[in-house]
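Notes for the one structure printed next.
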Protein chains: 2
Amino acid sequence: MMNSADNSLEARVAWLYFMEGMTQADIAEKLGMTRLRVNRMLVEARTSGLVSITLNSRFATCVELEQSLVREFGLKDAVIVPTPDDPDLVPVLLGQAAGEYLSNLLETNRVRGLGIGWGATLRETIRNMRAGRYPELCVNSMMGGLTHGLELNTFETASSLANRLNAECQYLAAPIYAGSPKSRDIILAQDVFRETFERIAANDIAVLSIGDLSLRSLLVRYGLPRDVTTDELVALGAVGDILGQFYDADGHVIDHPLNARAIALPLDQLSRIPTVVLASGGKNKTQAVAGALKAGLASVVICDEDTARAACEMARSGKASRRPAPSQRRRSSR
Amino acid sequence: MMNSADNSLEARVAWLYFMEGMTQADIAEKLGMTRLRVNRMLVEARTSGLVSITLNSRFATCVELEQSLVREFGLKDAVIVPTPDDPDLVPVLLGQAAGEYLSNLLETNRVRGLGIGWGATLRETIRNMRAGRYPELCVNSMMGGLTHGLELNTFETASSLANRLNAECQYLAAPIYAGSPKSRDIILAQDVFRETFERIAANDIAVLSIGDLSLRSLLVRYGLPRDVTTDELVALGAVGDILGQFYDADGHVIDHPLNARAIALPLDQLSRIPTVVLASGGKNKTQAVAGALKAGLASVVICDEDTARAACEMARSGKASRRPAPSQRRRSSR
DNA sequence: TAGTTTGTATTACATTTGTATGACACTGGC
DNA sequence: GCCAGTGTCATACAAATGTAATACAAACTA
């Protein structure tokens, strides 16, 4: 799909346009092609992350929020970007920030194992990472893949990152959910998976995102087994998921068999990984982010401003006590 | 001239345009200003280096050339950018590359002293460096300043960089050339200069560029004392200058009193500085770059492709003349 | 072989952008 | 007070860009 000659021409066009400031028509003439083609290549160059535009300036309010997040929740680091008017842009902007952050992390630290999750934000993240050569690095998927639908899968996520970094790649070649907890245990007991899981647990960095329970969630739409509905999960207090495991407003994994069916690194083992980067944002994920913050699931949080502020507030207020309000079984507030 | 409110608005506009992809007219409406004003702020944002555009791809021919430069001339590193059609763009493009390179260098190494030269390329370089906080860093000017003409001076160069990096700044508060060698020695013997020069010689990094002897050279046009002509220098074999000191095709400082009048770090002391980054390009500087390469004045070269190729050829052919065992500074900092 | 897909060329058009113009208000100096 | 200098606004217009409709050629499929 994207061979090197193609890419080289694209780079050439992008160079002439962005660096030398030539006009699209001039480039077309110089290179002997249509202006339209130049135009499309430029669009492609931007969406594929061949060119990246960065601002050398931070917004004061965001910097401030980052600092209070780090302080209050014992994070290693936080990156907050301004919330865009268009909610659809959130993953794109988070991806830019996360990509930049991770690229710097990789360039300044010797990283041997990088585990990655799955989702729209992470796809954007990968698009925005600088290409490089990391022959010693092993990129691996920390969760199983979808069995149907959707071109965006965990396998593709891991391999496209590994590809961009010229790194090794290891897949978790299994579905994301087994048919039952018992079946999950049987699968994981097979020796082909032992080594894989050992490597996953030994990663230096985990790059994950959070899913919510709305219909916007890819996991909800394409990943949930047919025999599980979001209602059951919500009834048990679920506000979001990480690596396919659903947790409540306090960040505790809820007591539902689905969690025991997930083929992924268990959330309670996440803390063993030195650096857990959590990139997620958007209004619909406020509660989920708050839960993750409260439970200390992340060591680095990348989020948009409004969501981070609301989640911070939420996690802060309820930090001391958890109150399930007498007989409230209805699905929690929206 | 550029207060923080102004800058913050500019950042906001740039964010909305480049990150959120809003149209200039929409931004104007949203922020309650004219489209014209938005347009001008965007131009300003780009020229001031607030936004920077980078390509995540390298041209194969350039990478190759970099490698052979490193190998043949014992460099630590080299960065080659494609030569643009418009020669006026060379400093801009070199500045982009050099700015990116230096930013990475600063972010990955603890640097305490950074000395800087003077010129159009270096101004562009500074524009393209990422802002940051380096309270432990001292930026200093490695040469005296012009006494007349031209807004671009060594003082401004050093201070604008220090400003961008939130670092200390130390000037070399002296003219670039004294009236005579003797006068130079007298000036340098004053204790106010001793400390300054010690610090300059103890820098971890020097960021310099090369001047040639054409009328394009700022030093020739504005910096040379009235009693010295380029003809005399050329007659002695001069092909270019570094820090105001002219050298010949072999990179040897020529025997002209002007060199003994320069108030700057002497070129023969340059080798004490662990990392000397030389950013220069353009056809008119081919010989000068060749000389610097041959004499091993630089440890990192940033140049455009055509010039580097020609200079490489030139330096290679006449290399037999002098080049003992390369016990160059090779200590890698990585 | 005929149809189908895919990518490109051609053309046309709407939108966005860059830039020039004259009018107006504000400023500081005389 | 006047005046030059500066910056902004409103308007206009030319250049550049994004997008769509259609047509053509090569590669692929049945």
Side-chain angles (χ1 to χ4, degrees), chain A residues 1-55 57 84-86 88-89 92-93 96 124 127-128 150-152 156, chain B residues 1-55 57 84-86 88-89 92-93 96 124 127 150-151 156:
Chain A
M1 187 66 89
M2 199 204 298
N3 59 41
S4 75
D6 190 24
N7 199 297
S8 148
L9 180 60
E10 201 169 275
R12 202 166 155 70
V13 168
W15 175 270
L16 291 173
Y17 187 74
F18 290 106
M19 298 293 131
E20 300 202 24
M22 286 177 68
T23 173
Q24 296 185 3
D26 289 348
I27 295 173
E29 192 183 357
K30 178 187 173 93
L31 268 43
M33 46 202 233
T34 335
R35 186 174 70 78
L36 174 63
R37 207 142 94 80
V38 172
N39 190 299
R40 278 192 305 211
M41 295 187 87
L42 287 173
V43 172
E44 170 61 20
R46 259 190 296 197
T47 55
S48 74
L50 178 64
V51 311
S52 62
I53 302 180
T54 51
L55 281 200
S57 161
D85 288 340
D86 179 357
D88 291 345
L89 279 177
V92 177
L93 295 174
Q96 300 224 354
E124 291 300 325
R127 277 192 180 163
N128 285 285
L150 206 56
E151 80 295 353
L152 172 60
E156 190 219 351
Chain B
M1 187 66 88
M2 199 205 297
N3 58 42
S4 75
D6 191 22
N7 199 298
S8 148
L9 179 60
E10 197 170 297
R12 204 168 153 68
V13 168
W15 174 271
L16 291 174
Y17 187 74
F18 289 106
M19 298 292 131
E20 301 202 26
M22 287 177 67
T23 172
Q24 295 185 4
D26 288 349
I27 296 173
E29 192 184 356
K30 178 187 172 93
L31 299 180
M33 48 203 238
T34 333
R35 187 175 71 80
L36 173 63
R37 213 143 91 78
V38 171
N39 191 299
R40 278 194 303 211
M41 295 187 87
L42 286 174
V43 172
E44 168 63 19
R46 260 191 295 196
T47 56
S48 74
L50 178 64
V51 311
S52 62
I53 302 179
T54 51
L55 281 201
S57 160
D85 289 339
D86 178 359
D88 290 346
L89 278 178
V92 177
L93 294 175
Q96 300 224 354
E124 291 299 326
R127 279 190 177 162
L150 207 56
E151 79 296 352
E156 190 219 350

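Below, chains carry the letters A, B, ... as their sequence lines are ordered, and counting in each starts from 1. Every value quoted in this text rests on a predicted model; they were computed, and no experiment measured them.
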query = Of B:Glu10, B:Arg46, B:Gln24, which is the lone residue that meets side-chain contact (heavy atoms from CB on, under 4.5 Å) with B:Met41?
reply = B:Glu10
Spacing between [X] atom [atom1] and [N] atom [atom2], to the nearest angstrom:
X       : N      : atom1 : atom2 : result
A:Glu10 : C:dG7  : CD    : P     : 14 Å
B:Arg37 : D:dT11 : CZ    : C1'   : 18 Å
A:Leu42 : D:dT17 : CG    : P     : 9 Å
B:Arg46 : C:dT17 : CZ    : P     : 10 Å
B:Arg35 : C:dT15 : CZ    : C1'   : 11 Å
B:Arg40 : C:dT19 : CZ    : P     : 12 Å
A:Gln24 : C:dA9  : CD    : C1'   : 16 Å
A:Glu44 : D:dT19 : CD    : P     : 14 Å

ask   = Can you check whether B:Glu44's main-chain N or O pairs, donor with acceptor, with B:Thr47's side chain at less than 3.5 Å?
value = yes
remark   = Among D:dC9, D:dA16, D:dT19, the one nearest any side-chain atom of A:Asn39 is D:dT19
ask   = Between C:dT10, D:dG18, C:dT19, which nucleotide gets closest to the side-chain atoms of A:Leu36?
value = C:dT10
ask   = Reckon A:Thr23 has a side-chain N or O less than 4.0 Å from the OP1 or OP2 of D:dT17?
value = yes
query = Does OP1 or OP2 of C:dA9 have a side-chain N or O of A:Thr34 closer than 4.0 Å?
reply = yes
key: Stepwise side chain to side chain contact (heavy atoms under 4.5 Å, CB included) test for A:Met22 and A:Lys30   = CA-CA 10 Å; A:Met22 286 177 68; A:Lys30 178 187 173 93; 3.9 Å; yes
query = Between B:Trp15 and A:Leu93, is a side chain to side chain contact (heavy atoms under 4.5 Å, CB included) present by the stated rule, with each step listed?
reply = CA-CA 10 Å; B:Trp15 174 271; A:Leu93 295 174; 3.9 Å; yes
